[in-house]
Structures are given as C-alpha cells and as structure tokens.
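When a ligand or atom number is given, it counts from 1 through the structure's own listing order.
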Amino acid sequence: MSPIAARLPGQDDTPDNAAGDPDAAPVESPVREPLLTEIDHVAIAVHDLGAAIDWYRENFGAVVDHREVVEKDGVEEALLKVAESYVQLLTPVRDDSPVAKYLEKKGEGLHHIGYRVDDCAAALEAIKANGGKVIDEKPRPGSRGTTVAFVHPKTSFGTLIELVQE
Ligand code: CO
C-alpha cells in the first residue's frame, strides 16, 4: 500500500488491509457492497427542450432514445444515449414543477445525477440509516418503467441524487 493510500479513510475492509498494518483497527461501514452500478443519467434543466435536443444533435450527433412527460414531476424529458448511460434533458410542463422553480432560481444547467442501483429501496434505506436527508421516503415509479427515489442535496454535498433501478 502506498503512503497516500494508507491515509485514505474507509478502505480498511479491502484486502489491502490484511497485508497492511496489523494493528490498524477496522473501520465499520454499514455498506459492504458497492451499491452504485452505473451512471444512469446526467440531468440538465433547459427552457426549450426542442432547442436543446437540436443542439446536442447538431454538435454531437446525439439521438433521442426516449421521450416522456412525467406528470407527477411536471416535466418532459428527452434521453440521449451515451454508451450505457443517458444525458437527460429536462423541461417543466407546468409552473409549479420543481424544475420550473429550479430554472427560475438558478437558470439552465446541471440539475441532478441519476445513479443506477440494483435495489432502490436498499440504497435509499442505507442513506436514511446514515442520517441522510431524502426527498422520497419510498421508491416510486420513474420514467421508462424504472423505480426511483431522490436524495436531498443537503446531505449529499450539494448534489441532487436520483437512485434508479431498471
Ligand atoms: Co432523473
């Protein structure tokens, strides 16, 4: 183990530790398996969905893989496929949509990150068990038939996180 790696916290239950300092106390972590399996999507809030799609198409040759109005969230989204992940362009379809409020307050830009998980409920419970603030107390239906839950940015270093189970 390099001196730098030796100083990193939270690594003590990796096999490295067995060969490292025998006196090092194991660090208890409630999460034993990596729960995030992929970046599902990067969501970008925009005023004009058509203009944003055109921009991605003209500049990057991006193709819309899926388009959907999610009534509960008051948004229309377009998913542009990038390898196994998506760029999700989001626009509000009504004034009381959280995305409408976001655009008003912060303008266009990065809105949230969707992390793919095998078990949305388990990942959500792990956050709650660690005192994390969540937006969805229970998993709920997301777009394209997924199950999702949002985690509040307040306890996740300023990032709105969506847990996505396919
Ligand atoms: Co999303």
Side-chain angles (χ1 to χ4, degrees), residues 9-10 29-166:
S29 167
V31 177
R32 293 292 172 187
E33 305 284 327
L35 296 185
L36 310 180
T37 61
E38 194 102 43
I39 305 287
D40 186 82
H41 61 273
V42 173
I44 299 163
V46 301
H47 287 296
D48 183 336
L49 191 59
I53 290 168
D54 287 347
W55 190 87
Y56 271 85
R57 184 172 52 229
E58 286 159 15
N59 289 283
F60 301 128
V63 175
V64 175
D65 192 73
H66 182 82
R67 196 163 167 163
E68 183 173 337
V69 174
V70 183
E71 287 295 344
K72 187 193 177 291
D73 298 332
V75 296
E76 181 171 7
E77 67 173 46
L79 293 173
L80 312 173
K81 198 145 196 215
V82 180
E84 297 306 311
S85 303
Y86 299 97
V87 171
Q88 180 186 67
L89 302 172
L90 269 182
T91 202
V93 293
R94 48 172 204 264
D95 291 343
D96 65 345
S97 154
V99 174
K101 288 173 187 156
Y102 181 93
L103 282 169
E104 201 177 298
K105 210 167 134 189
K106 301 200 169 174
E108 293 182 305
L110 195 59
H111 184 262
H112 66 270
I113 308 284
Y115 293 127
R116 213 168 285 157
V117 294
D118 289 332
D119 185 338
C120 187
L124 188 64
E125 286 311 312
I127 299 263
K128 289 161 75 175
N130 285 322
K133 194 174 175 196
V134 298
I135 292 171
D136 296 306
E137 287 294 328
K138 293 252 183 291
R140 62 181 175 88
S143 68
R144 66 185 177 93
T146 57
T147 299
V148 304
F150 279 90
V151 177
H152 200 284
K154 192 169 181 176
T155 52
S156 52
F157 300 89
T159 308
L160 175 58
I161 291 173
E162 181 179 9
L163 302 166
V164 183
Q165 179 184 341
E166 290 192 299

Hits for side chain to side chain contact (heavy atoms under 4.5 Å, CB included) against A51, two or more places apart or cross-chain, chain-then-number order -> D48
When the side chains of residues 115-122 are checked against the rest of the protein, which donor-acceptor pairs come out under 3.5 Å, sequence neighbours left out?
unit_1, atom_1, unit_2, atom_2, d
R116, NE, D40, OD1, 2.7
R116, NH1, E84, O, 3.3
R116, NH2, D40, OD1, 3.0
R116, NH2, E84, O, 2.7
D119, OD1, A121, N, 3.2
D119, OD1, A122, N, 3.0

Sorted by chain and number, sequence neighbours left out, ring pair (Phe, Tyr, Trp, His ring centres under 6.0 Å) with H112 holds for H41, F150
Residues P98 and D73: closest non-hydrogen pair is CD-O, 3.6 Å
The protein N, O or S atoms lying under 2.8 Å from the Co ion (ligand 1) are H41 NE2, Q88 OE1, H112 NE2, E162 OE1
Non-hydrogen side-chain atoms of L80 and V64 separated by less than 4.5 Å
yes
What I'd like to find out is whether the side chain of H66 reaches to under 4.5 Å of the side chain of Q88, using heavy atoms alone. no
